[in-house]
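Here is the structure we will look at.
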Number of protein chains: 2
Amino acid sequence: MGFERYESAGFMINLSARVFERRMAEALAPLGLSPAYLPVIFTLSATGPATQAELARSAEIEQPTMALTLRRMERDEIIYRVPDETDGRRAIVHLTSRAEELVPQVESIADDINSRAFDGLPAGSSAQLIDLLTRAAANLTQRPVE
Amino acid sequence: MGFERYESAGFMINLSARVFERRMAEALAPLGLSPAYLPVIFTLSATGPATQAELARSAEIEQPTMALTLRRMERDEIIYRVPDETDGRRAIVHLTSRAEELVPQVESIADDINSRAFDGLPAGSSAQLIDLLTRAAANLTQRPVE
DNA sequence: CCTAGATACATAGTATGCTATTCTATTTGT
DNA sequence: ACAAATAGAATAGCATACTATGTATCTAGG
């Protein structure tokens, strides 16, 4: 049973990404938040209001994806947008005060899940995993020379 | 720049899963295949025809997700279904002969991407990554006791 | 035999992500 | 000043995943 699947990095990365995201979704649901909101909340909380393009870069997702995420976050009253006076193309995204109050809880939830993942694993496992993933992702980020 | 994001396992797992999937999608597109087809193709190729429920278990995705994936695979003529004579509820999923012919190329594409991810990394990095992810996923697979 | 429960699959609704395209606003080069 | 290029954001269309629910069909207990 289970062939060579568990020997494929691609399969295990996909599987663990889904497991992480599901646990995060469950833990965030009582706060009315979703996992995709996290990078936006952390970025805005750490560095203040930002444009959509800046948020997309910092979360490393494409701009249209961020557009949809921000629409949901606006619907859920996590963020609001202020049109930029000097540049009519952009709007500056702000955290609502309600969202700002949630930040400590959100950080604690994210930390809990991240650390629970490494229960019973040797110290440094998390850093090691992050290092391996960072390098693997970097190797695959450049498209192959054709 | 880049705060504590790159120090979060959850963020890096999500990011690398997306990078892996995008590269896989690009490489499979010329064959008319998508990444989500891989676990189905490999399972059917390795162990022969199977039911939808068996395929969902082997890919570790939920049944409704597998139902949609199989619908797309049927549309793309990668699989076909044969109603089970003895049990009117099920259908047995088979690879088309066209799909069977593609299996070697698909394996080579998947292997290429998996190994390209570890270019320049120490030998054993892939196995180590898989081990860490397997244990992290196992830790998060049981919901927390409430 | 016939109903209660279990099993296999389908459907609905939503979230998250992508590419391709479009729209508008700003900037740049002549 | 104005046409062309660039930049910010929105939209369309699709893939992949989830939960919740519905619909058959099958199996067991009475």
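Proteins get letters first, then strands, A, B, ... in listed order; numbering begins at 1 in each. Scope of the values below: all heavy atoms of this structure, side chains included, with no hydrogens, waters or symmetry mates.
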inquiry  = Check this one for me: any side-chain N or O of B/R22 less than 4.0 Å away from OP1 or OP2 of C/dC18?
reply    = yes
key: Phosphate OP1/OP2 of D/dA15 contacted by B/R75 side-chain N/O (<4.0 Å)   = yes
key: Phosphate-side-chain proximity, A/R72 and C/dT16, N/O vs OP1/OP2 below 4.0 Å   = yes
ask   = Within a strict 4.5 Å, meaning less than it, do heavy atoms of the A/E54 and A/V93 side chains meet?
value = no
query = Just checking B/R71: base, sugar-phosphate only, or nothing, at a heavy-atom cut-off of under 4.0 Å?
reply = sugar-phosphate
message = Using whole Å, what does the distance between atom P of nucleotide C/dA15 and atom CZ of A/R23 come to?
response = 19 Å
message = Between C1' on C/dC9 and CD on B/E54, what's the gap in Å once rounded to a whole number?
response = 13 Å
ask   = Side-chain N or O of A/R90 less than 4.0 angstrom from OP1 or OP2 on C/dA25?
value = no
key: Residue closer to the 5' end of DNA chain D, B/G88 versus B/L68 (nearest nucleotide)   = B/L68
query = Nearest-Å distance, CG (B/L70) to C1' (C/dA8)?
reply = 13 Å
query = Starting at the 5' end of DNA chain C and moving along, which residue's nearest nucleotide shows up first, B/P64 or B/R18?
reply = B/P64
task = Check whether the side chain of B/Q63 and the base of C/dA8 form a donor-acceptor pair under 3.5 Å.
result = no
request  = Rounded off to whole Å, could you give me the CD-to-P distance for the B/E21 and D/dA15 pair?
outcome  = 12 Å
ask   = Is a donor-acceptor pair below 3.5 Å formed from side chain B/R89 to base C/dT7, judging by atom type as modelled?
value = yes
task = Provide, to the nearest angstrom, the distance between the CE atom belonging to B/M66 and the C1' atom belonging to C/dT11.
result = 17 Å
key: Where A/N139 and B/D119 come nearest, the two heavy atoms and their spacing   = ND2-O, 2.9 Å
query = Are the side chains of B/N114 and B/S126 in touch, meaning some heavy atoms are under 4.5 Å apart?
reply = no
task = Answer yes or no: are there more than 12 heavy-atom neighbours, outside B/E100 itself, under 6.0 Å from its atom CD?
result = yes
inquiry  = Looking at B/S34, I'd like to know whether one of its side-chain N or O atoms comes within less than 4.0 Å of OP1 or OP2 on D/dT16.
reply    = yes
request  = Would you mind classifying the nucleic acid contact of B/P35 as base, sugar-phosphate or nothing, using non-hydrogen atoms under 4.0 angstrom?
outcome  = sugar-phosphate
message = Please determine whether side-chain contact (heavy atoms from CB on, under 4.5 Å) holds for the pair A/L38 and A/L28, giving the CA-CA distance in whole Å, both sets of side-chain angles, and the decisive distance to 0.1 Å.
response = CA-CA 10 Å; A/L38 291 184; A/L28 292 173; 3.9 Å; yes
note = Whole-Å distance, A/D87 CG to C/dT24 P, equals 16 Å
ask   = Between B/Q63, B/R57, B/R90, which is the residue that forms a side chain to side chain donor-acceptor pair (under 3.5 Å) with B/Q52?
value = B/Q63
inquiry  = For C/dA8 and B/R81 - does any side-chain N or O of the residue sit under 4.0 Å from the phosphate oxygens OP1/OP2?
reply    = no
message = In this structure, how many angstroms lie between the C1' atom of D/dT19 and the CD1 atom of B/I61, rounded?
response = 14 Å
ask   = Of A/E62 and B/A53, whose nearest nucleotide on DNA chain C comes first from the 5' end?
value = B/A53
ask   = Rounded to the nearest Å, what distance is computed from the CD atom of residue A/E26 to the P atom of nucleotide D/dT19?
value = 8 Å
task = Compare the minimum distances between each of D/dT11, D/dT16, C/dA10 and the side chain of A/A67, then state the nucleotide with the smallest one.
result = D/dT11
request  = Using a heavy-atom cut-off of under 4.0 Å over every strand shown, decide if A/A91 touches base, sugar-phosphate, or nothing.
outcome  = sugar-phosphate
task = Classify the nucleic acid contact of B/N14 as base, sugar-phosphate or nothing, counting any heavy atom under 4.0 Å across all strands shown.
result = sugar-phosphate
message = At 4.0 Å (heavy atoms only), tell me whether B/T65 reaches a base, stays on the sugar-phosphate, or touches nothing.
response = base
